[in-house]
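No hydrogens, no waters, no symmetry mates; every other heavy atom, side chains included, goes into these values. Since we're looking at a predicted model, the values are computed, not measured.
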Amino acid sequence: MEGVLRWTGREAELLRLAMRRKQKDFAHLVGVNPRQIPRWKSRGESIELELDNQAALDTALAQAPLDVQQRFAALMTERAAAQHDERAEELLRRSPSSRRHPVDGKLMTMVEAGIYLSGPDNRSVWLEPFVIDIYPTTNADYELFVLATNHRPPQHWPDGRCPAALATHPVVWVSWLDAAEYARWAGKSLPTARQWEKAARGPHGRVYPWGDAPTAAKANVAETQIGSTTPVTRYQSGVSPCGAFDLCGNVWEWCATEEATGNGRFHLKGSAFTSPFERAAPSLQNAAAASMKDNDTGFRCVTAA
């Protein structure tokens with residue numbers, strides 16, 4: 001049955017929780033004996049469901065209201081963040097909350113409207129919904145922009161072309177002005193500092209994208225001693241509640257927010273491979289002049305929901 005996802009008892013239980021159904025009601029929905037549901041739950045990943053059960057679960061998820069689909073994606077995101085789980089990541093990639101942008105082709109994910117906890121003092125802040133790039137802008141992404149617009153390439157590209165070995169690494173040596181120009185070309189914008197923070201921390205104010213534990217191994221920061229950028233898909237255990245990668249470490253990311261003094265300095269978020277882990281918390285602030293560019297600074301984009 002081509003295209004049917006491999007459901008185990010664990011995924012079935014997460015879908016039931018996302019639907020907020022009692023076991024008997026959920027059993028009726030997917031067409032199984034009610035005694036099957038606690039059996040699936042107790043055996044978890046150790047039981048791969050029959051093909052007809054998998055098809056029924058696929059149908060139930062596809063026909064569920066958007067809020068149910070988004071709750072399911074959030075539960076699967078938490079699972080993918082807790083451990084490297086290819087099945088969970090496959091389900092997330094097919095989540096209805098993600099979409100591919102028509103201009104630069106980047107995969108983006110929805111961040112729902114609502115209150116989130118902002119800053120070191122966890123102030124309650126309301127934000128409208130928005131869609132954010134799942135990954136930072138890569139060298140390959142940026143090359144599309146350079147070829148389409150004749151924009152100046154980054155200084156680390158030999159002969160002005162994207163090095164094949166760095167295609168999936170975040171682009172660096174880009175100023176805020178460069179990043180803003182890319183965003184205009186793509187029909188996007190740079191995220192505000194608050195949008196970026198909410199995408200990283202989720203609505204409940206996690207200290208880090210993956211939770212509250214200060215785990216440097218979940219991000220490319222100075223303590224890992226890699227000493228360079230890494231592919232944007234590498235740190236799958238560091239994914240945020242909305243499913244975004246690399247919101248701690250790898251590269252600092254430009255935001256649209258200018259410092260309150262109006263001095264031409266713009267917020268940077270997320271820390272980088274050059275910085276200690278203590279600077280990686282998404283609630284922290286950093287800023288630089290719009291013309292600044294370095295080997296540890298890149299960006300990602302957002303659009304309106």
Name every donor-acceptor pair, under 3.5 Å, that has one atom in a side chain of residues 14-30 and the other anywhere in the protein, sequence neighbours excluded.
unit_1 : atom_1 : unit_2 : atom_2 : d
Arg16  : NE     : Glu13  : OE1    : 3.0
Arg16  : NH1    : Arg21  : O      : 2.8
Arg16  : NH2    : Glu13  : OE2    : 2.8

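- One N or O on the side chain of Lys198 and one on the backbone of Gly114 form a donor-acceptor pair closer than 3.5 Å.
- Of all the heavy atoms in Cys248 and Ala280, the pair that sits closest is SG-O, 3.1 Å.
- Val171 and Trp185 fall within a single hydrophobic cluster, where Ile, Leu, Val, Met, Phe, Trp and Tyr are joined by side-chain heavy atoms under 4.5 Å apart, directly or via other members.
- Asn139 and His156 form a side-chain donor-acceptor contact under 3.5 Å, judged by distance and modelled atom types alone.
- Contact check for Leu190 versus Cys255: no side-chain heavy atoms found under the 4.5 Å cut-off.
- Applying the side chain to side chain contact (heavy atoms under 4.5 Å, CB included) test to Ser46 and every residue at least two apart in sequence or in another chain returns Arg43.
- The main-chain N or O of Ala199 is found under 3.5 Å from a side-chain atom of Ser240 such that the two form a donor-acceptor pair.
- Summarising the geometry, atom CH2 belonging to Trp40 is positioned 11.5 Å from atom CD belonging to Glu11; distances are rounded to the nearest 0.5 Å.
- Residues Leu247 and Pro209 come closest through the heavy atom pair CB-CG, 4.1 Å.
- In this structure, the side chain of Glu223 does not engage the main chain of Ala216 through any donor-acceptor pair within 3.5 Å.
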For Arg206 and Asp212, what are the C-alpha separation, side-chain angles and deciding distance, and is it a side chain to side chain contact (heavy atoms under 4.5 Å, CB included)? CA-CA 6 Å; Arg206 292 179 176 183; Asp212 295 337; 4.2 Å; yes
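- Residues Cys162 and Trp157 share a closest heavy-atom pair of N-CE3, 3.5 Å.
- Judged by distance alone, the side chain of Glu128 and the main-chain N or O of Ala113 form no donor-acceptor pair under 3.5 Å.
- Hydrophobic clustering places Val111 together with Leu127 (ILVMFWY residues linked when any side-chain heavy atoms are closer than 4.5 Å, directly or through intermediates).
- Under the 3.5 Å distance criterion, the side-chain polar atoms of Gln36 are left unmatched by any main-chain donor or acceptor of Asn33.
- Scanning both residues, Ser228 and Asn220, for their nearest heavy atoms gives O-ND2, 2.9 Å.
- Pairs engaging residues 291-300 under the salt bridge (charged side-chain N to carboxylate O under 4.0 Å, His left out) rule: Asp178-Lys293, Glu253-Arg300 [sequence neighbours left out].
- Side-chain atoms of Arg99 never come within 3.5 Å of backbone atoms of Met108 as a donor-acceptor pair (strictly under, hydrogens ignored).
- Side-chain contact between Phe277 and Ser271 is absent, with no heavy atoms from C-beta onward closer than 4.5 Å.
- Two rings, from Trp7 and Phe72, have their centers less than 6.0 Å apart.
- Between Trp254 atom CH2 and Leu177 atom CG the span is 8.0 Å, to the nearest 0.5 Å.
- Ion pairing between a basic and an acidic side chain is recognised when a charged N comes within 4.0 Å of a carboxylate O; Arg161 and Asp159 show no such pairing.
- Atom-to-atom distance recorded for Glu197:CD and Leu117:CG is 9.0 Å, nearest 0.5 angstrom.
- Between the side chain of Lys41 and the backbone N or O of Ala12, no donor-acceptor pair lies under 3.5 Å.
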For salt bridge (charged side-chain N to carboxylate O under 4.0 Å, His left out), just list the numbers for Arg123 and Asp121, CA-CA rounded to whole Å, side-chain angles, deciding distance to a tenth of an Å, and then say yes or no. CA-CA 6 Å; Arg123 300 181 312 280; Asp121 53 353; 2.8 Å; yes
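- Within the model, atoms CZ of Phe130 and OG1 of Thr109 stand 10.0 Å from one another, a figure rounded to the nearest 0.5 Å.
- Residues passing the side-chain hydrogen bond (donor to acceptor under 3.5 Å, both in side chains) test with Tyr208, sequence neighbours excluded: none.
- Asp133 contributes a side-chain N or O that, together with a main-chain N or O of Cys301, makes up a donor-acceptor pair within less than 3.5 Å.
- To the nearest 0.5 Å, the span separating OH on Tyr135 from CZ on Arg234 amounts to 15.0 Å.
- Atom OG1 of Thr233 and atom CD1 of Ile134 lie 12.0 Å apart (nearest 0.5 Å).
- Within 6.0 Å of CD on Glu50 lie no more than 12 heavy atoms contributed by other residues, nucleotides or ligands.
- Two residues are said to be in side-chain contact when any heavy atoms from C-beta on lie closer than 4.5 Å; Thr138 and His169 fail this criterion.
- The closest donor-acceptor contact from the side chain of Lys269 to the backbone of Leu284 lies under 3.5 Å.
- Taking hydrophobic clusters as Ile, Leu, Val, Met, Phe, Trp and Tyr residues chained together by side-chain heavy-atom distances below 4.5 Å, Val103 shares a cluster with Val174.
- Residue Val146 is grouped with residue Tyr182 when hydrophobic side chains (ILVMFWY) are merged at heavy-atom distances under 4.5 angstrom, including chains of intermediate members.
- Through direct or relayed side-chain contacts under 4.5 Å between Ile, Leu, Val, Met, Phe, Trp and Tyr, Phe273 connects to no other residue.
- Closest heavy-atom contact between Ala288 and Leu268: CB-CD1, 3.7 Å.
- Nearest heavy atoms, Glu258 versus Asn263: OE2-N, 3.6 Å.
- Cluster membership for Tyr235 and Val221, using ILVMFWY side-chain heavy atoms within less than 4.5 angstrom, is not shared.
- Checked against Phe299 for a side chain to side chain contact (heavy atoms under 4.5 Å, CB included), the options Tyr142, Trp176, Trp252 give a single hit: Tyr142.
- For the pair Arg265 (side chain) and Ala287 (backbone), a donor-acceptor distance under 3.5 Å is present.
- With a 4.5 Å cut-off on side-chain heavy atoms, Asn295 and Trp173 count as touching.
- Within the structure, salt bridge (charged side-chain N to carboxylate O under 4.0 Å, His left out) pairs that include any residue of residues 236-246 do not occur (at least two apart or interchain).
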